[in-house]
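Notes for the one structure printed next.
The sequence lines fix the lettering, A, B, ..., with proteins before strands; numbering per chain opens at 1. For clarity, every value in this text was computed on a predicted model and none was experimentally measured.
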Protein chains: 2
Amino acid sequence: MADEAPIRFGIVGCAEIARKLARAITLASSCTVHAIASRSIEKAEQFAGKTNLAETAVKVYGSYDELLDDPDVDAVYMPLPTSLHLKWAVLAAEKKKHLLLEKPTALDVVELDKILKACEDNGVQFMDASMWYHHPRTAKMKELLSDPHIFGQIKVIHTSASFLAGPEFLENDIRVKPDLDALGALGDVGWYCVGSILWAMDLKLPTTVTAVPKVARNPAGVIMSCSATLNWEEETLATFYCSFLADYTQDITVCASKGTLRVQDFVLPYEGTTAAFSFTTGAKFVDLHIGWNVKPQEVQVINEPPQEVLMVEEFARLVKNIKSSNCKPESKWPQKSRMTQLVLDAVKQSIDLGFKPVHL
Amino acid sequence: MADEAPIRFGIVGCAEIARKLARAITLASSCTVHAIASRSIEKAEQFAGKTNLAETAVKVYGSYDELLDDPDVDAVYMPLPTSLHLKWAVLAAEKKKHLLLEKPTALDVVELDKILKACEDNGVQFMDASMWYHHPRTAKMKELLSDPHIFGQIKVIHTSASFLAGPEFLENDIRVKPDLDALGALGDVGWYCVGSILWAMDLKLPTTVTAVPKVARNPAGVIMSCSATLNWEEETLATFYCSFLADYTQDITVCASKGTLRVQDFVLPYEGTTAAFSFTTGAKFVDLHIGWNVKPQEVQVINEPPQEVLMVEEFARLVKNIKSSNCKPESKWPQKSRMTQLVLDAVKQSIDLGFKPVHL
């Protein structure tokens with residue numbers, strides 16, 4: 001049967017994160033890493049060795065073009081520097097390869113729209129490689145947040161995503177280079193902050209986005225740390241902080257009228273196969289204000305396999321539906337990416353305007 | 001011996017919070033509630049009944065003046081509406097009463113300076129009634145935050161203090177009335193947010209304060225909810241959110257270069273005699289980015305008696321030192337209040353200027 005054939009992935013670019021994805025594709029049911037490509041055959045071979053893919057007779061290409069010309073590649077995972085996305089993602093779509101694209105998806109929404117149009121024109125699935133959307137914890141949090149008896153109306157959201165980059169990263173990583181990943185921390189960890197706010201708000205775009213003074217930049221001008229506030233017409237407010245210069249945080253706090261939800265490892269759970277969050281609902285002070293009537297409830301969610309495998313499996317499921325049942329690509333994934341990119345653009349614009357509000 | 005005589009408190013104003021303080025004074029070692037005053041003798045008697053003070057032969061006054069004229073009152077606890085602080089706090093100091101003043105201490109720093117001058121001129125101790133500073137958890141958190149090996153340089157602080165006010169509060173509480181507590185949520189819960197940021201920053205004033213659009217107000221124009229960002233010369237950033245319109249939160253998150261501290265009930269611990277916070281230090285991702293090397297460590301701090309009693313005892317200790325040993329009043333408490341008031345003023349000014357930055 002057609003739908004029993006594995007989805008054959010090509011990995012375009014041998015970034016460090018590709019090691020995790022190569023493993024995830026190998027662990028995912030009915031997916032295989034069919035080929036890998038780097039700018040040089042040596043780098044691709046080295047990567048194959050490091051990831052034990054050499055033993056699985058993976059095809060190794062010394063150029064991205066060759067991989068995209070391989071008719072046996074169904075889908076590509078593309079962890080290239082952001083400034084290369086437009087060229088290679090469009091070409092991948094034109095070669096009818098389904099596209100799992102690393103974030104940030106593009107340098108701006110104009111570029112992303114070209115990528116999405118290429119995907120649409122060629123009937124291929126688009127998804128950005130934000131893994132946390134695929135964790136069952138995320139669905140469980142959403143289920144609770146959507147319960148009007150537990151949470152009610154969302155009033156304020158605060159998210160942060162940061163890590164303390166070492167000297168090697170700050171000197172050499174593609175995310176600090178203006179010609180490779182011009183969005184810096186905003187594009188990298190900020191992608192998660194903005195995505196999590198939009199996730200909490202059911203993908204409702206804010207009406208106003210205002211960057212917070214001030215922004216830390218490296219000598220080349222790339223954003224190392226920034227913060228912004230988002231407003232909606234109703235009184236809802238969100239703030240976020242993203243940084244390469246602070247300790248590891250991955251916080252979402254959603255405070256609604258009746259309850260508050262908190263998670264502190266939303267991007268990458270502390271452990272691979274179990275994750276937690278906490279919430280309170282119906283809180284009030286006891287008589288004389290000497291304590292609370294409730295304490296946060298911790299919710300544990302077991303996940304097997306880990307979120308990166310679940311992402312690959314969901315992507316592969318959509319690809320299979322397209323290949324075997326002539327389904328159309330699922331539009332919610334490109335929509336989610338596009339809204340995230342749109343808000344990132346607004347943050348960047350607000351920074352460029354000297355922290356003026358940008359209306360969406 | 002002089003220092004064995006109890007410190008005799010007068011309670012000026014019978015606000016709901018005074019019930020908690022009356023209990024705290026009764027529980028505190030060598031402190032007594034000597035007198036209570038309300039605008040009417042009936043209200044004062046009713047309060048005495050509710051708090052079981054009637055049984056202790058407490059003096060009951062139908063005016064604040066009478067209490068302040070009682071030579072047996074050493075110190076007053078004053079939970080009056082903010083707009084009455086200037087008049088009655090100054091008069092209390094002039095009558096040589098040591099002053100434990102509810103927050104916000106005044107409508108602005110100009111008023112507060114008059115109160116502080118009256119206290120200084122009359123040699124009486126000033127302290128605002130922020131209880132959480134006196135909890136041993138606060139000292140434990142500070143001890144860890146000050147350890148450069150655990151936390152390093154503070155990068156970003158986020159705090160929030162909110163509660164969902166009911167219809168009765170939103171209609172009738174003094175904190176929603178422009179003539180009584182004109183600062184609304186900013187003065188009430190915002191006091192804790194600003195205070196906690198200054199606490200984390202070792203009372204270093206921010207250089208710039210910018211309110212975040214937008215502010216929720218009640219029909220009378222009083223702030224029900226607002227948010228602001230604070231900047232320091234170095235790259236440190238703080239944001240806070242305070243509200244009468246959102247679920248109960250009391251969060252401090254301090255993210256430094258090497259570690260992150262989180263507490264979620266900093267104003268009023270979930271329980272009276274034990275409190276917790278958590279921190280991570282030295283976090284990084286494990287190989288392949290499939291988890292973290294550390295999880296948050298929870299620190300439990302036992303406190304006996306509760307924080308409100310510890311506050312009263314610390315205040316009484318300072319008063320005793322002044323009375324029996326001719327010590328000067330401790331200046332750190334008025335300084336802390338003054339800086340908090342100064343930042344509140346800047347937030348309010350920024351709001352009034354249409355969310356423009358205010359430089360301190």
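No other option in Tyr241(B), Tyr248(B), Phe151(B) has as many heavy-atom pairs under 4.5 Å with chain A as Tyr248(B). Among the candidates Glu271(A), Gln250(A), Glu16(A), Met131(A), the residue making the largest number of heavy-atom pairs closer than 4.5 Å to chain B is Gln250(A). Of the residues considered (Arg19(A), Arg262(A), Glu235(A)), Arg262(A) shows the highest number of contacts with chain B, using heavy-atom pairs under 4.5 Å. Your options are Ser243(B), Gly272(B), Ala256(B), and the one with the most heavy-atom pairs under 4.5 Å with chain A is Ala256(B). When Gly152(A), Pro213(A), Ser227(A), Gly282(A) are compared by the number of non-hydrogen pairs under 4.5 Å with chain B, Pro213(A) comes out ahead. Counting heavy-atom pairs under 4.5 Å between each of Thr208(A), Thr229(A), Asp251(A), Thr210(A) and chain B puts Asp251(A) at the top.
For Leu237(B), the part sitting under 4.5 Å from any heavy atom of chain A is the side chain, from C-beta outward, and nothing else. Using a 4.5 Å cut-off between heavy atoms, Ala283(B) contacts chain A through both its backbone and its side chain. For Gln153(B), no part lies near chain A; criterion is any non-hydrogen pair under 4.5 Å. Looking at Thr253(A), only its side chain comes within 4.5 Å of chain B, counting heavy atoms on both sides. For Phe285(A), the parts sitting under 4.5 Å from any heavy atom of chain B are the backbone and the side chain alike. Heavy atoms of Thr239(B) lying under 4.5 Å from chain A belong exclusively to its side chain. For Thr260(A), the parts sitting under 4.5 Å from any heavy atom of chain B are the backbone and the side chain alike. With a 4.5 Å cut-off on non-hydrogen atoms, Lys214(B) touches chain A through its backbone and its side chain both.
Of all residues spanning residues 295-307 of chain A, those with a heavy atom less than 4.5 Å away from chain B's heavy atoms are Lys295(A), Pro296(A), arranged by number. For residues 156-165 of chain B, heavy-atom neighbours of chain A at less than 4.5 Å comprise Val156(B), His158(B), Ser162(B), Leu164(B), sorted by residue number. At a heavy-atom separation below 4.5 angstrom, chain A is approached by no residue within residues 353-360 of chain B. Residues of residues 286-294 of chain B lying under 4.5 angstrom from chain A, judged on non-hydrogen atoms, are Asp287(B), Leu288(B), His289(B), Ile290(B), Gly291(B), Trp292(B), Val294(B) in numerical order.
Put simply, the side chain of Thr280(A) reaches to within 4.5 Å of the side chain of Asp247(B), judged on heavy atoms.
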